[in-house]
Every structure is written in structure tokens, then in C-alpha cells.
Amino acid sequence: MQFESVIGLEIHIQLATESKIFCSCSTEFGKPPNTNTCPVCLGLPGALPVLNRRVPELAAKLGLALNCDIRTDSQFARKNYFYPDLPKAYQISQFDRPICENGWLDINTNSKGESRIGITRIHMEEDAGKLIHEDMGTESMVDLNRAGVPLLEIVSEPDIRSAEEAKAYMVKIHAIATTIGISVGDMEKGHLRCDANVSLRPMEQKEFGIRTETKNLNSFRFVQQAIDYEIERQREEILDGAKIVQETRLWDTNRKVTFSMRSKEEADEYRYFPDPDLPLAKLSPELIDTLKQNLPELPDAKKKRFIEKYGLNDYDAGVLTASQEISKYFET
């Protein structure tokens, strides 16, 4: 039996702001645990969030670069769940009124050539803290320096059909985000990470299969390896007559396998509701137009120019324009 893989990515990008999304705490990486904190990002009673005005502007810049519609009055919502690194027991995110919707991105792969990946939405949210697990120990420690750092989540349509395409899409998102200056893009520091939703269905079948979600993939190589593994794992399960379980999985970088983190028989019930402490995030049409006019040269346009101006082949031009630093160095 022949199967088709159906893949959608949720990419989280940490924004390059000096302060957090709802308070004035520093976003500087590497500080001693729990020093970049205040009553707001610690979730203390009575502390109120105030939106960092740079965050919706940077979100709109990314939305414009990804061909999205920009909402001029997006709304924040509370996403309720309980986890040790989430001090308020809810995350301030966006639900039915995200800042960007209905975008797309063209990618190119060796096996398929050009394809267009739809982008469902881009929304603003705050990052959670970080759990630190002692080797062979029984305790976990919580560092809330990262809590409240501004994030954009980019949710793709399930238009990706291979791990190669998923990697190409993620590489291009990274290149665009760093080119327009909204993120440093250091994946070792968690500036860009990805959750991959993967399912299989028989060829020619229209209905989607049961999907799994592999969380927190923080390199292009790991994204491709984890998706390739998950496709093969699901194929073998189906051919053996087993049912795929809807679940959240993690990638083991040493053993090169995905493993179950928790079952997910039903969709998560986050009990979203509009955040009563935050007004609508309003952007004027004039500001959106100004942001659009001031976008720098994007990687596709730069690649085309490098080919025409410098006589480069397609591969070399692609390598040189995948990074803002490399392309600037090359031209200098």
C-alpha cells in the first residue's frame, strides 16, 4: 500500500526586543536563574500586563513578508493550562483574532521543485519559563528568565508532504525572520523552534489520518530526521494492523527516535477567553503601509539578484542568501 504523508509545522520565533512582551524585564540570554523577573512575569497577584508596542509591529513585518492579511485590531486571549514553568497557570496568547492570517510561502526542493505552503495564522504570545532537570536526579528546577519573552507562532496549513519540504520551509522562515530583523535566530538559544504534526493516509484518500505532534525541534537537521522517522514508524504501524494513537511525542537526539510524551485522545481544552487586562492591539493602516514600504530585500528577491548580477548558479545563490550575515559579507 502506498501512503502520502501530511505535515503541518508550528514554528515559534523569539523576537529580538530588549524587554519582555508585557513588562520591562530584560530578555538577555544567559543571566543567573530567575534574575530577569518581576511581579508581572512571575504571575504575582495584582500585577498587570502592559503590551510592548514593538511586538505587534514586528509581528506585522513578518506577516507582510509572508504574504498575510494583517489585522488592525487583534486581541489577546488567555490559554489556560497547568505546568510548573507557567506561573500564572495561563499563557497570554491569541485565539480567534490573531494579528496575521491567510499567508503563503513558496519553497523549492530537489525532489519536487517549487511548491506553495499555506500559512493559516501568525499570533503573538509570551514564552513560558524553562525546567532544568538534574542528571540522574529526582528534582527539577524552574528558571523563569524566559517567561514573558515575546514569541510569534507561525501555523502552516497541512500542505507539506515530506521531511525535505518541512526542512526547506523552516530554513526559509528562519532566513526571512533574520533578514527583516525581527529575530536573532540563534536556534541553540531557542530563538526558533518547531512542533511537527505528522499523519499518513493512503494515496488518493482525501481524509486526513490520525496525527502525532513531535514537539520542540530546535534544528533544521532534527526537524528532517524526526519527521522521516515518524513517517516510517507510522507506516510500519499501519501495515502491521495497529492503529496510530493521537499523541504528543519528543525527539531523542542520541537514539534518533521519537518517543511518546503523553496521549492526546481529544483536542486540548485550553478554555480560551479574551484577556480582560489587555486592550485590543491596534495598528493603523498608515503604519502597516510604512512597514511594508520599509521591508528590506527578502531572500527570494536577493537570490534572483545574485544570479543576475553576479552570474551565480541557483545553488550557490541559495546558500549565500540563506543567511543575512553571509549575504552581507559576500556583497561587501
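All values below were derived from every heavy atom in this structure, side-chain atoms included, with hydrogens, water molecules and symmetry-related copies excluded. For reference, positions follow the sequence shown, starting with 1.
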Identify whether the distance between the nearest side-chain nitrogen and carboxylate oxygen of D73 and R97 falls below 4.0 Å. yes
Does the pair E331/R305 count as a salt bridge with the N-to-O cut at 4.0 Å? yes
Looking at Y90, does the NZ or CZ of K88 lie under 6.0 angstrom from its six-membered ring centre and within 45 degrees of the ring axis? yes
Does the side chain of Y270 come under 3.5 Å of the side chain of Q91 through a donor N or O and an acceptor N or O? no
Can any side-chain N or O of K61 pair as donor or acceptor with the backbone N or O of I180 at less than 3.5 Å? yes
With a 4.5 Å heavy-atom cut-off, do L200 and I231 have their side chains touching? yes
Side-chain ion pair, D316 and K303, N-O less than 4.0 Å: no
Any side-chain donor-acceptor pair under 3.5 Å between Q225 and K167? no
For H174 and F220, take the angle between the two ring planes, folded into 0 to 90°, and tell me which bin it lands in: parallel under 30, tilted 30 to 60, perpendicular over 60. perpendicular
Donor-acceptor pair between H191 and S183 side chains, under 3.5 angstrom: no
Side chains of K302 and Q324: does their closest heavy-atom pair fall under 4.5 Å? yes
May I ask you to check whether Q234 and T212 show a side-chain donor-acceptor distance below 3.5 Å? yes
